[in-house]
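We use all heavy atoms of the structure for the numbers below, so side chains are in, but hydrogens, waters and symmetry mates are not. Keep in mind the model is a prediction, meaning the values are calculated, not measured.
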Amino acid sequence: MADSGNEVKMYSDFKSPYAYLAFDPAMALPKRFNVSVRWIPFQLRVKGKGERSTYSEYKVKYSYMDARRFAKARGLWIRGPLKVYDTTPAAIGGLFAQKHGRLLDYGRIAFEQFFLREFEADQPEAVARLLSGIGLSDQEYLKYLPGEGREAYERCQQEAAADQVFGVPFFVFRGEPFWGHDRLALLEQRLQEAGLGSPKEASAA
């Protein structure tokens with residue numbers, strides 16, 4: 001088993017195409033390294049169309065073009081969202097799924113459906129239906145959402161502030177940050193240098 005000093009934190013948001021691209025590869029790290037992966041939701045603060053400068057608009061369009069290039073090679077589909085989402089309900093849904101050992105299933109479906117424009121990540125009822133679809137209780141989630149779930153989510157935002165997170169996906173290993181799905185190779189290099197390759201046993205949160 002990986003000890004607590006071998007934890008990799010992964011900060012993520014369901015509205016980020018790059019967090020989508022990083023999700024499966026990051027969650028698979030324990031298959032190749034003696035580490036555990038802890039998924040932590042982080043709310044991106046995104047400006048809507050018309051609130052960004054011309055150059056920011058160019059950057060957004062390019063970022064999605066790049067994301068689609070990476071996604072196409074993996075058979076994934078990314079459609080840009082039609083509005084700015086507060087993904088708090090979906091994030092708390094992730095914490096609920098993680099609590100019940102179903103984060104991988106939930107995350108895969110949430111990302112896929114969001115980028116197919118089939119999942120309203122800001123709607124608790126939509127999150128509840130998704131959770132029900134993987135065999136978890138929609139009613140338990142709706143009870144978890146405003147109380148225990150919201151408290152857990154706020155602790156995650158506080159932890160993100162302490163880790164100086166500014167975007168997603170954002171990884172932290174032994175205090176060292178790695179931002180972006182294309183930094184996974186650097187993270188894996190660091191894990192190798194730490195002597196954590198080829199585990200006999202490992203676990204992902």
Side-chain angles (χ1 to χ4, degrees), residues 2 6-33 35-49 52-53 55-81 84-88 90-91 94-95 98 103-104 106-108 110-116 121 153 156-194 196-197 204-205:
N6 294 348
E7 176 184 85
V8 173
K9 299 182 185 182
M10 173 171 64
Y11 288 94
S12 186
D13 187 346
F14 289 111
K15 63 176 169 278
S16 164
Y18 291 99
Y20 181 20
L21 292 171
F23 184 73
D24 262 35
M27 293 299 289
L29 286 174
K31 295 180 179 178
R32 298 169 45 228
F33 300 94
V35 296
S36 62
V37 175
R38 181 159 63 97
W39 177 87
I40 308 171
F42 174 73
Q43 183 78 224
L44 285 176
R45 304 299 176 185
V46 181
K47 291 183 178 179
K49 194 170 184 179
R52 300 184 290 250
S53 69
Y55 295 115
S56 293
E57 290 288 350
Y58 295 161
K59 182 179 179 181
V60 168
K61 289 180 181 179
Y62 178 83
S63 294
Y64 268 92
M65 181 177 69
D66 245 5
R68 291 187 184 105
R69 289 168 173 165
F70 287 112
K72 184 178 180 181
R74 291 169 49 187
L76 305 177
W77 188 262
I78 291 177
R79 302 177 71 188
V84 174
Y85 282 82
D86 177 346
T87 49
T88 303
L95 291 170
Q98 184 168 246
L103 174 63
L104 186 60
Y106 173 85
R108 284 173 170 170
F111 274 122
E112 179 182 17
Q113 291 189 0
F114 181 82
F115 286 104
L116 289 175
Y153 170 81
C156 290
Q157 306 317 294
Q158 293 167 12
E159 186 170 356
D163 283 334
Q164 300 181 11
V165 176
F166 53 84
V168 295
F170 196 98
F171 305 93
V172 180
F173 172 65
R174 295 182 178 174
E176 184 176 1
F178 301 83
W179 174 47
H181 91 287
D182 55 347
R183 298 304 189 273
L184 272 168
L186 287 176
L187 172 58
E188 291 183 13
Q189 180 181 334
R190 191 69 74 248
L191 298 180
Q192 286 284 8
E193 292 169 354
L196 298 174

Checklist entry - Are the side chain of Gln43 and the backbone N or O of Asp13 linked by a donor-acceptor pair below 3.5 Å? => result no
Item to check | Atom pair OG1 (Thr88) and OH (Tyr153), whose distance is rounded to the nearest 0.5 Å | outcome: 3.5 Å
Next on the checklist: Would the distance check show the side chain of Lys15 and the main-chain N or O of Leu44 forming a donor-acceptor pair, the cut-off being under 3.5 Å?
Outcome noted: yes
Checklist entry - Who pairs with Phe166 by ring-ring contact (aromatic ring centres under 6.0 Å, His included), at least two apart in sequence or on another chain? => result Phe170, Trp179
Item to check | side chain to side chain contact (heavy atoms under 4.5 Å, CB included) assessment of Leu76 paired with Phe115 | outcome: CA-CA 9 Å; Leu76 305 177; Phe115 286 104; over 6 Å; no
Next on the checklist: Looking at every heavy atom in both Ile40 and Glu159, which two are closest together, and how far apart are they?
Outcome noted: CD1-OE2, 3.9 Å
N/O donor-acceptor pairs under 3.5 Å from side chains in residues 180-188, not counting sequence neighbours:
unit_1 : atom_1 : unit_2 : atom_2 : d
Glu188 : OE1    : Arg32  : NH1    : 3.4
Glu188 : OE1    : Arg32  : NH2    : 3.0
Glu188 : OE2    : Arg32  : NH1    : 3.2

Next on the checklist: Holding to ring-ring contact (aromatic ring centres under 6.0 Å, His included), I want the full list of residues that pass it with Tyr85, two or more places apart in sequence or in another chain.
Outcome noted: Phe114
Checklist entry - Considering residues at least two apart in sequence or located in another chain, which fulfil the side-chain contact (heavy atoms from CB on, under 4.5 Å) criterion with Arg190? => result Phe173, Glu176, Phe178, Glu193
Next on the checklist: Could you work out, with ring-ring contact (aromatic ring centres under 6.0 Å, His included) as the rule, every residue matching Phe14, not counting sequence neighbours?
Outcome noted: Trp39, Tyr106, Phe111
Checklist entry - Between Met27 and Arg108, is any pair of side-chain heavy atoms under 4.5 Å apart? => result no
Checklist entry - Which atom pair, heavy atoms only, marks the closest approach of Val168 to Ala19? => result CG2-CB, 4.2 Å
Checklist entry - What heavy-atom pair brings Gly94 and Leu103 nearest, and what distance separates the two atoms? => result O-CD1, 3.7 Å
Checklist entry - How far apart are the closest heavy atoms of Ala160 and Phe42, and which atoms are they? => result CB-CD1, 3.5 Å
Checklist entry - When rounded to the nearest 0.5 angstrom, what is the spacing between CG in Leu196 and CG in Asn6? => result 4.5 Å
Checklist entry - Going by heavy atoms in the side chains, are Tyr18 and Asp66 under 4.5 Å from each other? => result yes
Checklist entry - Going by heavy atoms in the side chains, are Phe171 and Met10 under 4.5 Å from each other? => result yes
Item to check | Derivation of the side chain to side chain contact (heavy atoms under 4.5 Å, CB included) call for Glu112 and Tyr20 | outcome: CA-CA 8 Å; Glu112 179 182 17; Tyr20 181 20; 3.8 Å; yes
Item to check | side-chain hydrogen bond (donor to acceptor under 3.5 Å, both in side chains) involving Gln158 - partner list, sequence neighbours excluded | outcome: none
Checklist entry - Can you name the closest pair of heavy atoms from Pro25 and Leu21 and give their distance? => result CD-O, 3.4 Å
Next on the checklist: Treating Gln157 as the side-chain partner and Pro41 as the backbone partner, does any N or O pair qualify as donor plus acceptor under 3.5 Å?
Outcome noted: yes
Checklist entry - Does any N or O in the side chain of Arg68 come within less than 3.5 Å of the main-chain N or O of Ile78, such that one atom is a donor and the other an acceptor? => result yes
